[in-house]
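Reviewing the structure listed below.
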Amino acid sequence: METIVKHRIKQVIKGDQNAYGEIVEVYKDKVFQLCYRMLGNRHEAEDIAQEAFIRAYININSFNQNLKFSTWLYRIATNLCIDRIRKKKPDYFLDAEVPGTEGLTMYSQVPSETPLPEDEVESIELHDTIQKEISKLPDKYRSVIVLKYIEELSLNEISEILDLPLGTVKTRIHRGREALRQQLRHV
Amino acid sequence: MKCPEQVYDYMHEYLDDEISEEHEKLLREHLQSCSDCQDYFRELNKAIALVQSTSHIQAPDDFTSRVMAGLPKEKKKTEIKR
């Protein structure tokens, strides 16, 4: 996969914009997922994920082609998410309510005509709860937890993405896990 | 009984797949004799399992076309600097 991507990057650098579409196709779900778990909101995740791809395109000349493209792309996306988290009001995303509605979350936008099977509702509620607890983590713990447990990246890769020493990444993962243990133990 | 502080470090070493045989042995022995730490370790594992269980979501269908529409129209001859 990396080989194909590297080839496409060379084409993009030569000015072939269409080749970039294939790169977006390869990474869109991963980047969107990363942004969604960081931000806890689908709309924001979409905005930031698109912004990450556009920034990567604009700055493609500064990408070191000896490195993994995904590492660089995830770094751009993570930084954008952290910027966004810091800019927004502190309690804005603690619950993912749709603005101007009462108790309406994105999950309640599932068509209501067909009642969901009981266990599916439970699982949606559970996922909602888990996402809320992830969103409560301070951003420095949230980013390492999302990269490790949702994107399933190695500690070394996380250290490269966040540009942090391995020891710092480990400490943050430990603290993030401790926080989640407390938050999720009665779920 | 107050548990040795290192037990928590060993749990994290274990979860990071970086535990030595010696530490793993000590951790196991301690967990066998201490139900509080057993619970604690179970809660840590449960938290991880829950986070990993969140369903993997996909980007919207029009994601790629919207990115492509958002790109600068032509690559300029001079590189765009940040």
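Quantities reported herein were computed from a predicted structural model and do not represent experimental measurements. Throughout, protein chains are lettered first and strands after them, A, B, ... in sequence-line order, and every chain is numbered starting at 1.
A/A45 does not touch chain B: none of its heavy atoms, backbone or side chain, sits under 4.5 Å away. In this structure, the portions of A/E178 lying under 4.5 Å from any heavy atom of chain B include both its backbone and its side chain. Using a 4.5 Å cut-off between heavy atoms, A/L155 contacts chain B through its side chain alone, with no backbone atom that close. For chain B, the nearby parts of A/I54 are the backbone and the side chain; heavy atoms of each come within less than 4.5 Å. If you measure heavy-atom distances from A/K30 to chain B, you find no contacts under 4.5 Å at all. In this structure, no portion of A/V31 lies under 4.5 Å from any heavy atom of chain B. Proximity to chain A (any heavy atom under 4.5 Å) is restricted, for B/I48, to the side chain, taken from C-beta onward.
Residue pairs satisfying the ring-ring contact (aromatic ring centres under 6.0 Å, His included) criterion with at least one member in residues 132-171 of chain A, sequence neighbours excluded, are absent.
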Taking it one step at a time, do B/F41 and B/Y14 satisfy ring-ring contact (aromatic ring centres under 6.0 Å, His included)? CA-CA 10 Å; B/F41 192 49; B/Y14 180 86; 5.6 Å; yes
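Of all residues in residues 157-176 of chain A, those placing a non-hydrogen atom less than 4.5 angstrom from a non-hydrogen atom of chain B are A/K170, A/I173, A/H174.
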Can you give me every donor-acceptor pair (side chain of residues 58-72 of chain B, partner residue at least two apart or in another chain, under 3.5 Å) with its distance?
unit_1 : atom_1 : unit_2 : atom_2 : d
B/T64  : OG1    : A/E25  : OE2    : 2.6
B/S65  : OG     : B/D62  : O      : 2.9
B/R66  : NH1    : A/E46  : OE2    : 2.8

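In B/K25, the NZ atom is not crowded: 12 or fewer heavy atoms of neighbouring residues, nucleotides or ligands sit closer than 6.0 Å.
Using a 4.0 Å cut-off between a side-chain N of Lys or Arg and a carboxylate O of Asp or Glu, A/D16 and A/K10 do not qualify as a salt bridge. A salt bridge links B/D39 with B/R42: the distance from a Lys NZ or Arg NE/NH1/NH2 to an Asp or Glu carboxylate oxygen falls below 4.0 Å.
Proximity of A/I13 to A/Q65: side-chain heavy atoms (C-beta onward) are separated by under 4.5 Å at one or more points.
Considering only heavy-atom pairs separated by less than 4.5 Å from chain B, the leading option among A/R177, A/Q33, A/K28 is A/R177. Taking B/I57, B/D17, B/D9 one by one and counting their heavy-atom pairs under 4.5 Å with chain A, the maximum is reached by B/I57.
Remark: A/R181 is positioned above the aromatic ring of B/Y40, its terminal NZ or CZ atom under 6.0 angstrom from the ring centre and at most 45 degrees off the axis.
Taking the side-chain hydrogen bond (donor to acceptor under 3.5 Å, both in side chains) definition, one finds that A/N66 meets it with A/N64, sequence neighbours left out.
Between A/F69 and A/W72, the ring planes are tilted. Angles from 30° to 60° get that label.
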